[in-house]
Amino acid sequence: MVAITLPDGTVQTHDAPVTGFKIAGAIGKGLAKAAVAIRVNGDLWDLTRAIEADAEIAIVTRETEEGRALLRHDAAHVMAEAVKALYPETQVTIGPAIEHGFYYDFSRKTPFTPEDLEKIEREMHAIVARDEAIAREVWEREKAIQFFKDQGEHYKAEIIEAIPVKEDVTLYRQGDFIDLCRGPHLPSTGKLGKGFKLMKLAGAYWRGDSRNEMLQRIYGTAWENEKELKAHLFRLEEAAKRDHRRLGREMDLFHIQEEAVGSIFWHPKGWTLYRMLEAYIRRRLDQADYVEVRTPELVDRMLWERSGHWEKFREHMFTAESEERTLALKPMNCPGHVQIFRQGLKSYRDLPLRMAEFGCCHRNEPSGALHGLMRVRAFTQDDAHIFCTQAQITEETKAFCTLLLSVYKDFGFEDVVVKFADRPDVRAGEDAVWDEAEQALRTATEATGLEISMNPGEGAFYGPKLEFVLRDAIGREWQCGTLQVDFVLPERLDANYVGEDGGKHRPVMLHRAILGSIERFIGVLIEHYAGRLPIWLAPTQVVVATITNESDAYAREVCETLRKAGLRAELDLRNEKINYKVREHSLAKTPLLLAIGSREAENHTVSLRRLGGKDQESLALEEAVARLSAEAAAPGL
RNA sequence: GCCGGAUUAGCUCAGUGGUAGAGCAGCGGUUUUGUAAACCGAAGGUCGGGGGUUCGAAUCCUCCAUCCGGCACCA
C-alpha cells in the first residue's frame with residue numbers, strides 16, 4: 001500500500017504500484033480526461049509511470065500553463081514522428097516546447113518546402129487519430145548511443161554523450177518512432193487533440209552557434225483545444241494589424257527605401273510625432289537637471305582607438321576617408337561627452353554632471369537584423385552620461401529609475417521589469433570595484449520597488465548594467481531603457497576631477513537611456529497604441545470637416561482659432577459627404593473631428609466626434625478650443 | 001551574415017510559356033450631402049535589376065538587390 005497525499009491534504013491509499021492515471025481516475029472522471037501528467041514530490045512524471053512509495057502529488061491538467069507546455073512538447077514529438085515517416089533520411093535533433101507552441105530542429109540535405117509543411121501536418125493528424133501509446137523506457141547509455149548511431153541519428157548520439165553520467169537515459173516510444181527525451185509525455189498521441197498547427201520554416205544553427213551546421217526548424221503552435229488555437233491565430237492577426245511598418249505607411253509617417261537601407265525617411269506627419277516625443281523627453285531631462293550638448297558625428301579614428309571602440313566595435317562602424325585620415329561615424333556618444341568633460345578643470349563640486357545628447361549614431365548592423373524602426377543603422381538615442389563619484393552611483397541610479405518609471409507611465413507603460421546583468425567572465429577592473437558597483441545598483445533598484453530578474457554574467461566588460469523592459473498593450477516585452485556603470489572609459493580617455501583633497505580623481509560614468517532609440521521607441525508606441533496615438537502625440541490632432549460648402553467660411557474660422565490656440569488642426573473642405581470624411585479621418589486615426597454644418601455656423605458651435613466614438617457632442621467654439629487645448633497638452637507641461 | 005519564402009499600378013492582390021488584370025486610392029466631371037465608402041468617365045505598368053533558355057518569358061534557369069519569417073548578432 002502507498003499513501004498518496006493530494007494538494008488539498010487529503011490522503012488516498014492505493015495498492016502499490018499505482019499510476020497517476022489511476023489516482024486521477026479515483027478523484028474524478030473529468031480530471032482523468034484532462035490530466036496530462038502528475039507531479040510526484042515536486043517532479044513531473046508520466047501518468048503511466050509506476051509510483052512505488054508514499055508521495056505528495058498534484059495532477060497536471062491540459063488547460064494550465066504547465067499542462068500546455070507538456071502538450072506542446074508532445075506536439076514536437078508527433079511532428080518528429082511525422083517527419084521521420086515522410087522523410088526517413090532526416091535526422092532529428094531537439095524539439096522543445098516554447099511560448100505558444102513548439103519547434104523541432106531537423107538536419108536534412110534538401111530543405112523543407114511550405115508544401116512539405118502541409119503534408120507533415122496531415123501526417124501529424126493521422127498519428128493523433130491512431131492514438132499511439134507513448135511509453136517511457138530507461139536505456140543503458142552505450143546501447144542508446146549505438147542505437148541512434150545505427151539509425152544515422154548522429155545528433156541524438158551527441159546529445160546522449162553530453163548527459164551527465166548519473167542521470168538515466170530515457171527514451172520514449174510512440175508507434176515506430178523512438179526519441180531520446182527527458183519527458184514526461186502524455187499517455188498517447190491521441191491526447192494531443194486537434195488544437196495545433198504548423199506555422200513556419202526557419203533556419204537555426206545547431207546548438208545556437210553560427211559556426212555550426214544550419215538546421216531546419218519547423219515552428220508550430222499548440223493549444224489544449226481547437227477553440228484556443230483559433231483564439232491564438234486571431235490574436236496573431238490582431239497583432240499584425242498593429243505592425244508599425246504597415247501603420248507607418250498607412251498613416252504616412254515614414255518610409256525606407258533601397259538606397260538607404262536601415263535609415264528612415266521621416267514624412268511630415270512622422271516627423272511631427274518625432275519632434276513631439278523629443279521635445280517631451282528634453283523637457284523631462286531639463287527638469288531632472290541634465291545639461292544638453294551636441295558632439296560631432298564624423299570623428300577621427302584616433303579617438304576611437306583611444307576609447308577602445310576601434311578594437312571592440314570596428315566591424316559595426318562606418319568609416320570615411322578624407323585627406324589621408326580615416327574618420328568614423330560615431331556609433332555612440334560617450335567618447336564625445338568625455339571630450340566635453342575634459343575641457344577645463346572639473347571639481348568634485350561639479351559632480352554629478354548629467355550630460356545629455358540626442359545624438360545621431362550609426363551602426364553597421366548585420367543585414368538580417370534590420371527591422372522597420374525597431375532595428376536600424378542610423379538612430380538617435382535619448383542618451384546621457386552621468387559623471388559622478390563611486391559614492392554617488394546609488395543616488396543617481398535611484399533618481400534615474402524614478403525618472404524612467406515616470407516617463408514610461410506617461411505612455412501608459414505601467415508594467416516594467418529590470419534585468420540586472422552582473423560581471424561577465426572577461427572584464428576590466430578589480431573585483432572590489434565590481435562588488436561596490438553591483439551593490440550600488442542593487443540598493444538603488446530595490447529602493448524603487450522594481451521587479452528585478454538576474455541576467456548573470458551578461459554585464460558589459462566595463463561594468464554591470466540594468467536593462468529596463470516594458471510590457472505593451474498586448475503583452476509584448478520591449479527592452480528600451482538601460483543604465484550601465486563604466487569604470488573603463490574615464491580611464492582610457494583620461495577624464496578626471498579635482499577632489500575635496502585637492503588631488504586628481506577618476507569619475508565613474510553612467511551610460512543611460514530611457515527611450516533607448518527614439519526611432520525604435522516610436523515603433524513601440526505605434527504598436528502599443530495600434531496607431532491611435534494620444535492627442536498630444538498625434539500629428540494631426542483635429543480635423544475640421546464641412547458638411548456642405550455653404551459652411552466653408554465658418555470652418556476656416558474654426559480651424560484658424562484652433563491653430564492659434566496651438567492645436568495641430570487640418571481643414572477638410574472637400575466636396576464629399578460627411579460619412580465619407582468621417583470614415584477617412586477615422587482610418588487615418590485622427591483623434592478628433594469637428595463637423596461643421598449650417599447649424600454650427602449659425603450658432604457658432606462645433607460638433608465634436610472622437611475617434612472610435614459613436615456619438616457627437618455639440619459645443620460652443622470657445623469652449624471646444626479651451627477643452628481641446630487642455631486635452632492636447634503634453635504631460636509634464 | 002546564414003536558412004527559407006517573396007518582389008506585378010500609389011496600396012491590397014489575381015494572372016504556370018502566346019496581346020498585363022481587378023478593387024481601392026489618385027485625376028476629370030456630376031452630385032451639396034448631418035457622423036465609417038454618392039455616381040459616371042478617362043488614365044495609370046521597364047511585371048525588383050542583370051544575364052540566359054525559347055519562335056515567344058511576369059511565368060523556366062541563373063546571378064544580384066531589397067523585403068518578410070526565423071537563426072546568429074545587438075559591445
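Excluded from the calculations below are hydrogen atoms, water molecules and symmetry mates; all remaining heavy atoms, backbone and side chain alike, are included. Here is the naming used below: chain letters follow the sequence lines, and residue numbers restart at 1 for every chain. Keep in mind that what you see is a predicted model, and the values were worked out from it rather than measured.
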Between A:Arg108 (side chain only) and A:Thr110 (backbone N and O only), is there a donor and an acceptor less than 3.5 Å apart? yes
Quickly work out the A:Ile218 CD1 to B:rG69 P distance and round it to whole Å. 19 Å
For B:rG1 and B:rU8, measure between their P atoms and round to the nearest Å. 22 Å
Whether A:Lys119 engages the ring of A:Phe112 as a cation-pi pair (distance to the six-membered ring centre under 6.0 angstrom, angle to the ring normal within 45°) should be assessed. no
Taking the same atom, P, in B:rA42 and in B:rG34, what whole-Å distance lies between them? 30 Å
A:Arg217 has an atom CZ; how far is it from atom P of B:rG70, in whole Å? 11 Å
Round to a whole Å and report the spacing from CG of A:Asp209 to P of B:rC3. 16 Å
Within less than 4.0 Å of OP1 or OP2 of B:rC68, is there a side-chain N or O belonging to A:Arg245? yes
Work out how far the C1' atom of B:rG10 is from that of B:rU62, and round it to whole angstrom. 32 Å
Using both distances under 3.5 Å as the test, list the Watson-Crick or G-U wobble partner of B:rU54, or none. none
Rounding to an integer number of Å, can you tell me how far A:His244 NE2 sits from B:rC67 P? 12 Å
Over all strands shown, is A:Thr113 touching base, sugar-phosphate only, or nothing at heavy-atom distances under 4.0 angstrom? nothing
For A:Arg377 and for A:Gly459, locate the closest nucleotide of RNA chain B by heavy-atom distance; then report the residue assigned to the nucleotide nearer the 5' terminus. A:Arg377
Can you find an N or O donor on one side and an acceptor on the other, under 3.5 Å apart, linking the side chain of A:Ser607 with the base of B:rU35? yes
Would you classify A:Glu600 as touching base, sugar-phosphate or nothing, given that sugar-phosphate means primed atoms plus P, OP1 and OP2, and contacts are heavy atoms under 4.0 Å? base
At 4.0 Å (heavy atoms only), tell me whether A:Tyr219 reaches a base, stays on the sugar-phosphate, or touches nothing. sugar-phosphate
I want to verify a distance call: between B:rG4, B:rA36, B:rG34, whose nearest atom is closest to the A:Arg532 side chain? B:rA36
Which part of the nucleic acid, if any, lies within contact of A:Asn579, taking any heavy atom under 4.0 Å across all strands shown: a base, the sugar-phosphate backbone alone, or nothing? sugar-phosphate
A:Val261 has its side chain closest, among B:rC67, B:rG4, B:rU32, to B:rC67
Sugar-phosphate only, base, or nothing, as touched by A:Gly613 at under 4.0 Å among non-hydrogen atoms: nothing
What distance, rounded to whole Å, do you find between the two P atoms, one in B:rA20 and one in B:rU59? 13 Å
Base, sugar-phosphate, or nothing: which does A:Ala595 touch, judged by heavy atoms less than 4.0 Å apart? base
Run the salt-bridge test on A:Glu584 and A:Arg574 with the 4.0 Å N-O cut-off and return the result as yes or no. yes
Would A:Asp116 and A:Tyr87 count as having a side-chain donor-acceptor pair, cut-off 3.5 Å? yes
The nucleotide from B:rU12, B:rA36, B:rA65 with an atom nearest the side chain of A:Val582 is B:rA36
Check whether the side chains of A:Lys330 and A:Thr295 place a donor and an acceptor atom closer than 3.5 Å, and report yes or no. yes
Between P on B:rG69 and CZ on A:Arg375, what's the gap in Å once rounded to a whole number? 14 Å
Please work out if A:Pro366 contacts a base, only the sugar-phosphate, or nothing of the nucleic acid, heavy-atom cut-off 4.0 Å. base
Return the value, rounded to whole Å, for the distance between atom OH of A:Tyr580 and atom C1' of B:rC39. 13 Å
What distance, rounded to whole Å, do you find between the two C1' atoms, one in B:rA58 and one in B:rC47? 5 Å
Closest-nucleotide mapping onto RNA chain B: is A:Arg609 or A:Glu365 further toward the 5' terminus? I mean the 5' end. A:Arg609
Between the base of B:rG70 and the side chain of A:Tyr205, is one N or O donor paired with an acceptor at under 3.5 angstrom? no
Is there a side-chain contact between A:Asp382 and A:Phe358, using heavy atoms and a 4.5 Å cut-off? yes
Once you apply a heavy-atom cut-off of 4.0 Å, does A:Ala204 come out as touching a base, just sugar-phosphate, or nothing? sugar-phosphate
Under a 3.5 Å limit on both distances, the Watson-Crick or wobble mate of B:rA25 is none
Output the single nucleotide from B:rG5, B:rG26, B:rC2 whose closest atom is nearest the side chain of A:Arg574. B:rG26
Could you tell me the Watson-Crick or G-U partner of B:rU32, where both distances fall under 3.5 Å? Say none if there is no partner. none
Does B:rA6 have a Watson-Crick or wobble mate here (both distances under 3.5 Å), and if so which one? B:rU66
With a non-hydrogen cut-off below 4.0 angstrom, is A:Gln616 in contact with a base, only sugar-phosphate, or nothing? base
Take atom C1' in B:rG23 and the same atom in B:rA9, then report the distance between them in whole Å. 12 Å
Reckon A:Tyr103 touches a base, only the sugar-phosphate, or nothing at all at heavy-atom distances under 4.0 Å? nothing
Among the nucleotides B:rA72, B:rU32, B:rU66, which one has an atom lying closest to any side-chain atom of A:Ser210? B:rA72
Taking only the P atom of each, what is the distance from B:rU53 to B:rC61 in whole angstrom? 15 Å
Roughly how many Å apart are B:rG29 and B:rC68, using the C1' atom of each and rounding to a whole number? 42 Å
Does a side-chain N or O of A:His371 approach OP1 or OP2 of B:rC67 to a distance below 4.0 Å, or not? no
To the nearest 0.5 Å, how far apart are CD in A:Glu365 and CZ in A:Phe379? 6.5 Å
Determine the contact category for A:Leu587: base if any of its heavy atoms lies under 4.0 Å from a base atom, sugar-phosphate if only primed atoms, P, OP1 or OP2 are that close, otherwise nothing. base
Name the nucleic acid region contacted by A:Leu201, choosing base, sugar-phosphate or nothing; use a 4.0 angstrom heavy-atom cut-off, strictly under. base
May I have the distance from A:Tyr104 (atom OH) to B:rG70 (atom P), rounded to whole angstrom? 22 Å
Over all strands shown, is A:Lys200 touching base, sugar-phosphate only, or nothing at heavy-atom distances under 4.0 angstrom? sugar-phosphate
Using Watson-Crick or G-U wobble geometry with both distances below 3.5 Å, tell me the partner of B:rC71, or none. B:rG1
Hey, does A:Glu576 reach any base, or is it just sugar-phosphate, or nothing, if we go heavy atoms under 4.0 Å? base
Honestly, is A:Arg235 close enough over A:Trp223, meaning NZ or CZ under 6.0 Å from the six-membered ring centre and within 45° of the axis? yes
Rounded off to whole Å, could you give me the CZ-to-C1' distance for the A:Arg108 and B:rG4 pair? 13 Å
Checking side-chain contact (heavy atoms from CB on, under 4.5 Å) against A:Asp105, which of A:Arg207, A:Gln91, A:Met214, A:Arg217 comes through? A:Arg217
